[in-house]
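Keep in mind the model is a prediction, meaning the values are calculated, not measured. A, B, ... follow the sequence lines: proteins, then strands. Residue 1 opens every chain.
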There are 4 protein chains.
Amino acid sequence: MTTSSRRLRSDAVRNRERVLAAAEDEFAEQGIEASVSDIARRAGVAKGTVFSHFATKEDLIVAVVANHLAELKEVAERLGKAPDPGAALLEFLTVAGDRRRQRDLTFLMSASADDATVTEIRNRLHADVTTLVDRARAAGAIRHDITGTDVFLLICAPVHVVENLPGAPSDLWLRYLAIIFDGLRPEGASPLPRPAPDWS
Amino acid sequence: MTTSSRRLRSDAVRNRERVLAAAEDEFAEQGIEASVSDIARRAGVAKGTVFSHFATKEDLIVAVVANHLAELKEVAERLGKAPDPGAALLEFLTVAGDRRRQRDLTFLMSASADDATVTEIRNRLHADVTTLVDRARAAGAIRHDITGTDVFLLICAPVHVVENLPGAPSDLWLRYLAIIFDGLRPEGASPLPRPAPDWS
Amino acid sequence: MTTSSRRLRSDAVRNRERVLAAAEDEFAEQGIEASVSDIARRAGVAKGTVFSHFATKEDLIVAVVANHLAELKEVAERLGKAPDPGAALLEFLTVAGDRRRQRDLTFLMSASADDATVTEIRNRLHADVTTLVDRARAAGAIRHDITGTDVFLLICAPVHVVENLPGAPSDLWLRYLAIIFDGLRPEGASPLPRPAPDWS
Amino acid sequence: MTTSSRRLRSDAVRNRERVLAAAEDEFAEQGIEASVSDIARRAGVAKGTVFSHFATKEDLIVAVVANHLAELKEVAERLGKAPDPGAALLEFLTVAGDRRRQRDLTFLMSASADDATVTEIRNRLHADVTTLVDRARAAGAIRHDITGTDVFLLICAPVHVVENLPGAPSDLWLRYLAIIFDGLRPEGASPLPRPAPDWS
DNA sequence: AATGAATGAGTATTCATTCAT
DNA sequence: GATGAATGAATACTCATTCAT
């Protein structure tokens with residue numbers, strides 16, 4: 001019994017993960033209109049199984065987003081201990097941008113913005129990014145008036161820029177990361193017209 | 001006869017414009033999934049009337065997008081003759097960003113990207129932006145390796161940034177425009193890792 | 001006034017006929033689902049004009065059918081005086097079949113079966129066909145137990161047969177007219193299992 | 001498990017058949033414009049259920065037609081082994097005519113003519129009819145120049161004839177079958193003006 | 001009498017969600 | 001827990017008909 005229930009449980013966990021992975025792929029390819037049927041087919045399970053793990057499509061979206069943010073948080077956490085703070089910040093933005101480029105899931109954010117789980121992991125990511133920024137600022141790598149929230153908000157910008165150019169080389173976004181990062185540097189910084197926003 | 005046919009036509013034109021305006025609002029609020037029924041209700045006409053002016057939902061999207069791009073093009077054209085090229089470029093980005101902030105219709109772009117009308121007006125806008133950028137570069141207001149296409153792609157970035165922060169002050173985006181514009185300035189420019197993209 | 005009202009009236013008559021002709025063509029090509037808009041376009045008039053002549057689509061169908069039957073009636077009437085009654089009957093079936101082949105409007109019959117005008121012209125056609133049959137019978141060209149109603153009902157059969165063979169030669173139906181007409185001949189006639197129907 | 005999945009499947013099969021039967025009835029009564037909603041209501045299922053069994057209305061039409069042709073093919077096949085070839089052919093035409101009389105689905109044929117399944121079953125039916133005809137011809141029951149294709153095309157003619165007489169006795173069509181069959185007999189056959197068509 | 005813009009009921013089809021097995 | 005058949009609300013689009021001009 002214990003053995004068989006373990007079996008069942010581990011099978012279930014496996015299915016859950018398959019569904020999550022399939023959902024990520026499907027959403028990235030089809031956008032938010034990706035259908036639960038297609039996700040189930042891609043995961044190799046029945047439609048009902050998807051709903052037994054995620055009560056609604058929105059719950060599934062939340063899980064995908066949380067997953068995504070958690071991965072990013074790990075990266076930020078690790079880089080928070082790197083020796084060169086300026087290089088660490090740039091690397092974080094590079095890794096985050098690359099993930100974003102591989103799978104655009106931003107449209108899922110708004111659908112999951114109100115969820116408690118997502119909010120919590122977002123806050124934890126924000127905290128780690130703030131650490132990266134504080135260290136970079138202290139090291140003189142970025143201007144003094146840039147906050148963690150600023151950088152947190154800027155994460156997706158470089159990739160978003162190139163999405164308006166269909167057929168662009170896949171790494172073109174690095175050009176815009178460089179431009180934007182230059183805007184964060186202390187050299188030649190002009191005063192900013194609005195104060196940094198609060199993170200509430 | 002002339003009078004009455006003019007009357008008729010002007011009423012029809014009025015309805016057409018009401019539908020267009022309602023579509024803009026509805027798309028901005030609901031995204032691309034805004035239904036034609038809702039648009040019709042908002043415009044105060046019957047569903048059939050929408051289709052008598054725009055044969056398909058896609059045609060309606062194209063009209064909305066073309067409208068928007070045309071307005072932007074007019075702004076760019078006008079600023080192309082302004083005395084201070086650097087200030088003109090910044091003002092263009094300010095005006096364009098503000099429009100974008102009031103109504104986010106970017107998701108309509110991809111749905112209408114293949115349309116001939118949209119492509120043409122996009123190309124004309126691109127040409128005018130390129131003029132602005134060329135003049136700003138010649139005046140030393142921006143770095144030498146920035147092209148019109150670069151700026152064209154960057155137009156929406158500052159507003160996109162703040163969309164990840166619900167409840168942000170409505171003009172917070174100006175902060176990020178300043179940061180990004182600083183990245184375009186010649187002072188303290190670091191070499192860009194990728195060449196500027198072609199506009200095809 | 002008299003002159004101008006005459007003008008108007010004759011223009012109206014002309015429009016009416018254009019609409020009728022366009023409706024015949026359009027129905028023959030598209031079937032009963034042919035739209036009033038398409039008929040109007042084909043006639044070169046506005047949709048409203050069609051409805052000012054024929055209050056409903058059904059009225060238009062009735063007019064087309066009545067027209068068709070009237071033409072057929074004229075043929076039958078003329079052949080009722082021909083010298084060779086057997087040849088006259090065969091010729092009637094040939095002419096009628098040919099019309100039917102050029103424009104299949106049978107599907108309109110059921111939509112107009114209850115109409116008084118159609119019923120009347122149908123009855124008149126039936127009477128003329130009966131004359132043709134009576135004379136042919138008297139001349140020994142067809143079997144004694146065949147009635148006018150029998151032949152009236154058989155008119156469309158030969159063409160209907162070939163409609164199940166797409167790509168058939170356009171005159172293949174004559175083969176089946178010959179076969180069916182052979183069935184009407186006195187030679188080798190077997191007794192018929194059911195009495196001839198009444199025409200009510 | 002086996003039992004429960006069988007149960008499930010058998011319920012589904014039952015629904016599928018209900019839908020098919022309802023579609024047959026509804027199409028026979030309303031013509032090809034019969035709506036899927038009405039079919040669903042008649043079958044006692046929800047609209048979505050119809051589409052879960054038949055992805056499109058056309059698929060449903062194909063299934064109805066294929067069903068019908070398959071039934072007819074079985075009859076032809078069985079009669080191909082009957083002792084009296086002439087009587088067998090007449091019986092086939094009688095059975096086929098009777099089915100046709102009960103439900104006129106000919107208009108569905110053209111809507112499904114391009115379908116591979118329908119084409120195949122049609123060809124098989126054609127082959128069986130050809131066998132019937134060949135045997136009848138060899139037995140001297142029909143004229144030598146009549147082919148299987150001729151008879152295949154003539155199947156619906158007798159019933160079609162009486163459809164122009166609303167309120168006709170339900171077996172009146174047998175009269176016209178007798179007449180047409182007489183036309184196929186060797187006695188008093190006149191030469192046919194066109195060659196028999198190919199079956200391609 | 002002619003016009004054509006407006007109407008709104010009707011059509012096929014999709015899809016998240018439920019539930020009996 | 002897994003299945004997939006059934007559901008029905010929602011969507012884009014069509015078209016006969018009306019009516020102000």
Side-chain angles (χ1 to χ4, degrees), chain A residues 5 7-9 11-13 15-16 33-40 45-58 60, chain B residues 1 3-9 11-16 33-40 45-58 60, chain C residues 4-5 7-9 11-13 15-16 33-40 45-58 60, chain D residues 1 3-16 33-40 45-58 60:
Chain A
S5 72
R7 266 272 178 80
L8 273 176
R9 196 166 291 168
D11 277 11
V13 167
N15 270 348
R16 205 191 116 98
E33 299 188 50
S35 79
V36 176
S37 294
D38 286 350
I39 290 169
V45 302
K47 214 188 327 190
T49 303
V50 174
F51 282 99
S52 83
H53 285 290
F54 307 94
T56 66
K57 188 181 177 178
E58 215 184 307
L60 178 53
Chain B
M1 258 216 194
T3 314
S4 76
S5 71
R6 253 186 219 148
R7 271 266 176 86
L8 210 56
R9 194 164 288 169
D11 273 15
V13 167
R14 196 179 187 175
N15 266 348
R16 204 191 116 102
E33 298 190 54
S35 82
V36 176
S37 296
D38 287 348
I39 290 169
V45 301
K47 214 185 325 189
T49 303
V50 175
F51 285 103
S52 87
H53 285 288
F54 306 95
T56 66
K57 185 179 176 179
E58 215 184 309
L60 179 54
Chain C
S4 80
S5 70
R7 265 273 178 79
L8 273 175
R9 198 167 290 169
D11 277 10
V13 167
N15 269 348
R16 205 192 116 99
E33 300 189 49
S35 80
V36 176
S37 293
D38 285 350
I39 291 169
V45 303
K47 215 188 327 190
T49 304
V50 175
F51 283 100
S52 84
H53 286 290
F54 308 94
T56 66
K57 186 180 179 179
E58 214 184 309
L60 178 54
Chain D
M1 260 217 192
T3 315
S4 77
S5 72
R6 255 183 216 149
R7 274 265 175 88
L8 209 55
R9 195 164 287 171
S10 79
D11 273 16
V13 166
R14 197 180 188 174
N15 266 350
R16 202 192 117 101
E33 298 189 54
S35 81
V36 176
S37 296
D38 286 348
I39 291 169
V45 301
K47 213 183 330 185
T49 304
V50 175
F51 284 102
S52 88
H53 286 289
F54 306 95
T56 66
K57 185 179 177 178
E58 214 184 309
L60 179 54

Quiz: residues 48-55 of chain D side-chain donor-acceptor pairs under 3.5 angstrom, not counting sequence neighbours:
unit_1: D:S52; atom_1: OG; unit_2: D:T49; atom_2: O; d: 3.1

Response to the item:
Whichever of D:S37 and C:V45 has the more 5' nearest nucleotide on DNA chain E, that residue is C:V45
Worksheet item: When all nucleic acid strands are considered with a 4.0 Å heavy-atom cut-off, which category describes D:A34: base, sugar-phosphate, or nothing?
Response: sugar-phosphate
Worksheet item: If you check the B:K57 side chain, which of F:dA5, F:dC13, E:dA12 turns out closest?
Response: F:dC13
Discussion item. Test of understanding: with side chain to side chain contact (heavy atoms under 4.5 Å, CB included), list the residues that count as partners of B:E58, not counting sequence neighbours.
Written reply: B:T56
Worksheet entry | Separation of atom CD in C:E58 from atom P in F:dA16, rounded to whole Å | 13 Å
Worksheet item: Rounded to the nearest 0.5 Å, what separation is found between the NZ atom of A:K47 and the CD1 atom of A:I39?
Response: 11.5 Å
Response to the item:
Under a 4.0 Å heavy-atom cutoff, the residues of residues 46-54 of chain D touching DNA chain F are D:A46, D:K47, D:G48, D:T49, D:S52, D:H53
Practice prompt. Check whether any side-chain nitrogen or oxygen of C:N15 sits under 4.0 Å from OP1 or OP2 of E:dA2, and answer yes or no.
Written response: yes
Discussion item. Distance check needed: F:dA20 C1' versus B:D11 CG, whole Å only.
Written reply: 9 Å
Worksheet item: Roughly how far apart are C:R16 CZ and C:L60 CG, rounded to 0.5 Å?
Response: 9.0 Å
Discussion item. Pick the closest DNA chain F nucleotide for B:V36 and for D:R16 by heavy atoms, then say which residue is nearer the 5' end.
Written reply: D:R16
Worksheet, complete the sentence: note: C:D38, atom CG; E:dG4, atom P; distance rounded to Å ~ 16 Å
Discussion item. Which is more 5' along DNA chain F, the nucleotide nearest B:T56 or the one nearest C:E33? Just name the residue.
Written reply: B:T56
Worksheet item: Does DNA chain E take part in any stems of at least 3 consecutive Watson-Crick or G-U pairs (both distances under 3.5 Å), and if so, which ones?
Response: E:2-21 with F:2-21
